[in-house]
Amino acid sequence: MPELPEVETIRLQLSRNVLGKKIKDIVVDDARVIKGVSKTVFKSKVENKTVKNIIRRGKVLIFELADDLYLVIHLRISGWLFLSKTYEKFCRVGFVLNNGKILNFCDSRVLGEIKLIDDWTNLALIKNMGPEPLGLSKQNFVKLFDKKTAKIKPLLMDQRFLAGVGNMYAQEAVFCAGISPQRRADKIDKKDIGRIYTCLIRILRKSIERGGSSVDTYRQLNGEKGKYKALLKVYQRQGKPCFRCKATIKRESIGGRGTYYCPKCQK
DNA sequence: AATGGGACCTGCGCGC
DNA sequence: TGCGCGCAGGTCCCAT
């Protein structure tokens, strides 16, 4: 699913291919993904604007079009962006650029969102968002856990606590650190929180290097799959032997989300 | 503060 | 083969 590494991959690739381009035309195939404004208003406000900056915050992409005009894209579960010469299946909105290419917003489940706002920092999700893990020292990461009694895995994926981590990377991080996903945060000593930090940072960086994980519909900007999926250690490995201790990986619902873990070596 | 449930939405894999 | 069903997950919202 699009989590921090997938969205960061897209941002890096957009910076090389879309930054500085002018949006000449917008083709709206499915207006449901455009929130807050009508298709007509959306088109009239965005057409003929140049992409001045592309920012990522957590799992959110922000295109700066003018000082008080930002295009905010959230891919949610099944969204992806695809730069191509033609329209593709499940692509709901196409931004035709001045170099003839089309930036397609694609989304099979139509839960993704495109918003047009004058101040992106004011969005509730952004305003309440926790720190970026890749901009955080180990010391400050450990501090976040003060007085937190929630289960570690749902806590890691709480966007108000920490930005950009979702169901998959939260599981990978606690597996790497040898911590059970249902351990209460305040029952984990600082040294182990430090291990979660080291694991998480390493996993996020490595995934960005490999263009993210294409577990479901996610693709890189050029349509290729992300290559981190092959390096996943627990996610979707139910019934298979643990890479560390050979015990059988279990799947259980924790915090209302499917969670894979090793019952033997995650304590 | 934390947790649990439902809603949004559709493609997919399953059982019969 | 074809149908119905449950499931997947990011975020929001409501209830406890």
Side-chain angles (χ1 to χ4, degrees), chain A residues 1-10 29-36 56-62 72-82 88-93 105-115 117 120 122-130 132-133 144-174 180-188 204 207 212-219 225-226 228-229 232 234-239 249-261:
Chain A
M1 315 306 139
E3 301 182 29
L4 189 154
E6 288 73 31
V7 181
E8 179 63 9
T9 296
I10 291 293
D29 187 50
D30 189 334
R32 286 177 297 175
V33 297
I34 298 172
K35 308 292 179 185
R56 179 191 60 76
R57 180 76 172 96
K59 302 170 194 169
V60 183
L61 272 175
I62 302 114
V72 177
I73 293 186
H74 200 308
L75 299 171
R76 292 285 186 97
I77 292 163
S78 59
W80 73 101
L81 293 178
F82 183 30
E88 304 292 324
K89 198 182 175 191
F90 300 130
C91 294
R92 314 283 173 181
V93 177
F105 174 92
C106 320
D107 188 357
S108 62
R109 291 175 204 171
V110 207
L111 292 170
E113 295 185 337
I114 302 178
K115 284 178 183 164
I117 52 173
W120 65 273
N122 228 3
L123 275 176
L125 175 66
I126 301 274
K127 221 174 180 176
N128 301 323
M129 199 174 270
E132 288 289 327
L144 293 178
F145 291 82
D146 275 354
K147 293 173 192 148
K148 292 290 178 187
T149 61
K151 289 173 184 154
I152 183 67
K153 184 243 162 185
L155 184 61
L156 285 171
M157 50 185 290
D158 181 346
Q159 300 303 294
R160 292 163 303 179
F161 177 75
L162 189 67
V165 177
N167 198 30
M168 183 172 67
Y169 292 107
Q171 293 170 51
E172 291 294 314
V174 292
S180 163
Q182 56 265 71
R183 274 272 290 283
R184 270 175 57 158
D186 60 347
K187 304 287 182 193
I188 305 173
L204 295 178
S207 182
S213 311
S214 287
V215 165
D216 196 356
T217 56
Y218 164 77
R219 295 293 182 274
K225 289 187 175 186
Y228 192 77
K229 189 187 174 189
L232 294 171
V234 270
Y235 191 67
Q236 295 189 341
R237 295 198 67 249
Q238 181 183 15
I249 299 296
K250 270 194 172 174
R251 183 190 177 280
E252 182 178 329
S253 181
I254 298 172
R257 290 287 170 248
T259 306
Y260 303 84
Y261 66 99

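So you know, we letter chains A, B, ... as the sequences are listed, proteins then strands, and number each from 1.
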Is A/Tyr169 touching bases, backbone alone, or none of the nucleic acid, heavy atoms closer than 4.0 Å? nothing

Out of curiosity, A/Glu6 CD to A/Ser214 OG, how far, rounded to the nearest 0.5 Å? 7.5 Å

Can you classify the ring geometry of A/Tyr228 versus A/Tyr169 as parallel (below 30°), tilted (30 to 60°) or perpendicular (above 60°)? tilted

Run A/Arg109 and A/Asp216 through salt bridge (charged side-chain N to carboxylate O under 4.0 Å, His left out) and show every step you take. CA-CA 11 Å; A/Arg109 291 175 204 171; A/Asp216 196 356; 3.1 Å; yes

Where A/Tyr235 and A/Gln171 come nearest, the two heavy atoms and their spacing: CD1-OE1, 3.5 Å

Find the distance A/Trp80:CH2 to B/dG11:P and express it as a whole number of Å. 10 Å

Taking OP1 and OP2 of C/dG10, is either one under 4.0 Å from a side-chain nitrogen or oxygen of A/Gln159? no

Under 4.0 Å, counting only non-hydrogen atoms across every strand here, what does A/Met157 touch: a base, just sugar-phosphate, or nothing? sugar-phosphate

Residue pair A/Ser108/A/Arg160 against DNA chain B: nearer the 5' end by closest nucleotide is A/Arg160

Picking from B/dA2, C/dT11, C/dG9, the nucleotide nearest the side-chain atoms of A/Thr149 would be B/dA2

Between atom CD1 in A/Ile34 and atom P in B/dC9, what is the gap in whole Å? 15 Å

Across all strands shown, which nucleotide pairs with B/dA2 by Watson-Crick or G-U wobble geometry, both distances under 3.5 Å? C/dT16

Does A/Arg32 put a side-chain nitrogen or oxygen below 4.0 Å from OP1 or OP2 of B/dT10? yes

Whole-Å distance, A/Asp146 CG to B/dA1 C1', equals 15 Å

Atom CZ of A/Phe145 and atom CZ of A/Arg184: how far apart are they, to the nearest 0.5 Å? 14.5 Å

CD of A/Glu3 versus C1' of C/dT11: gap in Å, rounded? 14 Å

Rounded to whole angstroms, how far apart are CG on A/Asp158 and P on C/dC12? 11 Å

Using atom NZ of A/Lys35 as one end and atom P of B/dC8 as the other, report the distance to the nearest whole Å. 12 Å

With heavy atoms under 4.0 Å as the rule, sort A/Gly258 into base, sugar-phosphate or nothing. sugar-phosphate

Check every atom of C/dC12, C/dG9, B/dA2 against the side chain of A/Leu125 and return the nucleotide holding the closest atom. C/dC12

Please evaluate the base of C/dT11 for a donor-acceptor partner in the side chain of A/Arg257 within a cut-off of under 3.5 Å? yes

If you check every side-chain atom of A/His74, which of B/dT10, C/dG9, C/dT11 has the closest atom? C/dT11

Does C/dG9 have OP1 or OP2 under 4.0 Å away from a side-chain N or O of A/Tyr218? no

Whole angstroms only, please: what is the CD-C1' distance between A/Gln236 and C/dG9? 11 Å

List the atom of A/Arg257, the atom of A/Asn167, and the distance in Å for their closest heavy-atom pair. CB-OD1, 3.7 Å

The nucleotide from B/dA2, C/dG10, B/dT3 with an atom nearest the side chain of A/Leu111 is C/dG10

Taking the P atom in each of B/dG6 and C/dG6, what is the distance between them to the nearest angstrom? 12 Å

Of the listed B/dA2, C/dG9, B/dT3, the closest approach to the A/Asn167 side chain comes from C/dG9

Rounded to whole Å, how long is the line connecting atom CD1 of A/Ile114 with atom C1' of C/dG10? 16 Å

Shortest side-chain distance from A/Lys59, nucleotide among B/dG4, B/dC9, C/dT11: C/dT11

Can you identify which nucleotide, out of B/dT10, C/dT11, B/dG4, has its nearest atom closest to the A/Val110 side chain? B/dT10

